[in-house]
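Ligands are counted one by one from 1 in listed order, and the atoms in each one are counted from 1 as well. The shown structure was predicted, so the numbers you read here are calculated from the model rather than taken from an experiment.
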Amino acid sequence: MENLIRKNIQNLVAYKVDAPQYEIIVNANESPYDFPMILKRKFTDEICNTDLNRYPEACFPELLKALSDYTGIPTDGIICGSGSDELIAMINQAFVNPGDVVVSHSPSFDMYNIWANISDSRHIRVPDLPGHLPDVDGLIKAACDNQAKLLYLCNPNNPTGYIFPKQDIIKILDAVPSLVVLDEAYIEFFGESGVDLLANYPRLLILRTLSKAFGLAGIRCGYALGNKPVIDVLYKVKAPYNLNVLTQKLAVLALQNRDKTLKNLAEIKSEREKVMAVLKEFPNLTVYPSGSNFIYFETPLAEKIYEALLSRNILIKRFKETGTCPESIRFSMGKPKENQKILEIIREVVYNEA
Ligand SMILES: *Cc1c(COP(=O)(O)O)cnc(C)c1O
């Protein structure tokens with residue numbers, strides 16, 4: 001059996017996580033607000049009038065229309081996936097041969113590495129400059145020296161929260177020979193998308209998702225925006241019915257009712273600023289600016305803070321020390337009362353230790 005498995009797959013560890021059961025869950029950057037009940041009802045009505053014995057639309061025309069209306073990109077420049085995770089898989093399938101080089105800044109989103117490993121490519125992770133500033137020149141050098149097939153830019157970045165200034169994105173696009181994948185999973189919390197760059201850069205591909213600002217991590221709907229030739233390549237590797245009919249219907253409802261689905265954006269951003277201001281006053285924490293719905297900080301107390309919160313039934317994300325990063329914590333904004341509770345517990349830990 002072992003000898004039947006591709007060598008690079010033999011060494012991988014399966015991504016198996018249980019859905020967390022905690023009172024406050026802020027470890028996965030989800031929205032703390034569930035999808036509005038009035039839209040859930042509308043959705044169930046629609047499903048009652050849908051033939052579930054039939055395959056869904058293979059190329060989701062209604063969803064493309066709704067996404068085009070939201071993003072301003074024509075429908076032939078959009079493709080959807082079962083979460084942007086599936087789109088990252090498709091990008092690798094379509095562009096990356098074993099041994100090819102893929103470049104990203106580091107730390108960033110784990111999925112880039114997971115799919116780089118599955119495609120048996122070489123993943124060069126360019127560490128941030130001190131103070132967690134992305135090393136733009138280092139990224140350009142790594143991509144050019146190695147004729148990288150893909151260069152990921154996560155903007156705003158997960159987990160550090162930093163944003164790439166538009167001039168840096170342009171500098172990179174002008175310099176590298178790669179397909180530049182601009183991951184805008186959190187763009188609604190920042191506001192300045194790179195979509196306008198698509199007109200001038202045929203090798204740019206933008207990834208988006210309904211999992212974060214739209215509060216729909218449960219339905220698995222991501223999309224990519226690009227120029228038609230790149231999008232056409234992705235359609236070649238798309239599984240025929242990759243988005244089920246339930247996801248398609250609900251995603252359209254979410255996009256058509258943005259007044260309801262995005263109404264908590266302002267509150268989440270203002271919570272981020274309030275929580276950030278409090279954390280910055282605590283001793284022993286290095287808090288980084290965030291353009292997203294989460295906050296990232298480095299501290300030798302990471303383990304203690306993580307355990308203290310866990311014992312109070314609160315789940316945050318903790319990162320262990322790596323060669324290039326000290327111990328750190330990331331947590332997304334919960335509801336205001338939840339954030340207060342989290343801050344109180346962190347306060348107890350840091351002042352007990354101070
Ligand atoms: C959460 C996240 C995504 C979205 O993943 P989905 O598969 O669409 O849920 C993509 N990129 C980054 C950086 C993320 O943090």
Side-chain angles (χ1 to χ4, degrees), residues 15 17 19-20 25-32 35 60 63 67 70-71 78-93 102-116 118 123 125 128 132 134 150-164 169 180-190 193-194 205-226 234 238-239 242-244 246-248 250-251 254-255 261 268 272 288 290-296 315-317 319 328-333:
Y15 190 95
V17 287
I25 298 170
V26 287
N27 71 323
N29 301 342
E30 298 149 332
S31 171
F35 197 59
F60 22 78
L63 180 50
L67 285 168
Y70 176 47
T71 61
I78 311 176
I79 186 168
C80 298
S82 173
S84 32
D85 286 349
E86 189 191 23
L87 291 162
I88 295 171
M90 285 155 65
I91 294 165
N92 274 274
Q93 275 187 306
V102 168
V103 173
S104 69
H105 45 107
S106 175
S108 194
F109 190 40
D110 268 349
M111 284 297 155
Y112 311 148
N113 194 48
I114 289 174
W115 285 105
I118 293 172
H123 185 189
R125 279 174 276 195
D128 289 340
H132 280 304
L150 303 180
L151 171 65
Y152 290 101
L153 300 177
C154 189
N155 193 40
N157 186 44
N158 174 12
T160 56
Y162 59 62
I163 53 132
F164 282 85
I169 299 174
V180 174
V181 180
L182 182 61
D183 188 340
E184 294 191 337
Y186 301 95
I187 200 66
E188 285 88 356
F189 301 105
F190 170 50
S193 169
L205 188 67
I206 297 179
L207 291 184
R208 298 271 195 89
T209 181
L210 299 191
S211 296
K212 307 287 160 57
F214 280 89
L216 285 172
I219 73 166
R220 311 305 299 125
C221 183
Y223 56 101
L225 307 170
L234 294 180
K238 186 180 88 61
N242 64 328
L243 279 204
N244 70 65
L246 310 181
T247 294
Q248 293 189 39
L250 206 115
L255 288 157
T261 47
I268 290 172
R272 177 187 75 205
Y288 290 89
S290 171
S292 196
N293 65 336
F294 54 80
I295 293 178
Y296 173 86
L315 186 65
I316 59 168
K317 179 79 180 173
F319 299 96
S328 59
I329 280 174
R330 184 200 70 203
F331 70 97
S332 52
M333 293 305 100

Which protein heavy atom lies closest to [atom], and at what distance to 0.1 Å?
atom: atom 1 (C) of ligand 1; answer: Lys212 NZ, 1.2 Å
atom: atom 15 (O) of ligand 1; answer: Tyr186 OH, 2.6 Å
atom: atom 5 (O) of ligand 1; answer: Ser84 OG, 3.3 Å
atom: atom 11 (N) of ligand 1; answer: Asp183 OD2, 2.7 Å

Can you sort out which atoms of ligand 1 are near [X], meaning under 4.0 Å from one of its heavy atoms?
X: Asp85; result: 5 (O), 7 (O)
X: Ser211; result: 6 (P), 8 (O), 9 (O)
X: Gly83; result: 6 (P), 7 (O), 8 (O)
X: Ala185; result: 2 (C), 3 (C), 10 (C), 11 (N), 12 (C), 14 (C)

(request) Start with the C-alpha distance between His105 and Tyr152, add both sets of side-chain angles, then the distance that settles ring-ring contact (aromatic ring centres under 6.0 Å, His included), and finish with yes or no. (result) CA-CA 7 Å; His105 45 107; Tyr152 290 101; 9.0 Å; no
(message) Taking the basic N atoms (NZ, or NE/NH1/NH2) and the acidic carboxylate oxygens, is any pair closer than 4.0 Å for Arg208 and Asp183?
(response) no
(message) Less than 4.0 Å is my threshold; does some heavy atom of Arg220 fall inside it relative to ligand 1?
(response) yes
(message) I'd like to know whether ligand 1 has Cys154 as a neighbour, heavy-atom separation below 4.0 Å.
(response)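 Judged by the 4.0 Å heavy-atom criterion, Cys154 does count as contacting ligand 1.
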(request) Identify which one of Tyr223, Phe35, Tyr70 satisfies the ring-ring contact (aromatic ring centres under 6.0 Å, His included) criterion when paired with Phe214. (result) Tyr70
(request) Give me the one residue out of Tyr288, Tyr186, Phe189, Phe331 that meets ring-ring contact (aromatic ring centres under 6.0 Å, His included) with Phe294. (result) Tyr186
(message) Can you see whether Tyr162 engages Asp128 through a side-chain donor-acceptor pair at a distance of less than 3.5 angstrom?
(response)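 Side chains of Tyr162 and Asp128: pair found under 3.5 Å.
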(request) Give yes if a backbone or side-chain nitrogen or oxygen of Tyr112 is under 3.5 Å from a nitrogen or oxygen of ligand 1, and no if not. (result) no
(request) Any chance you could measure Ser84, atom OG, to Glu184, atom CD, to the nearest 0.5 Å? (result) 11.5 Å
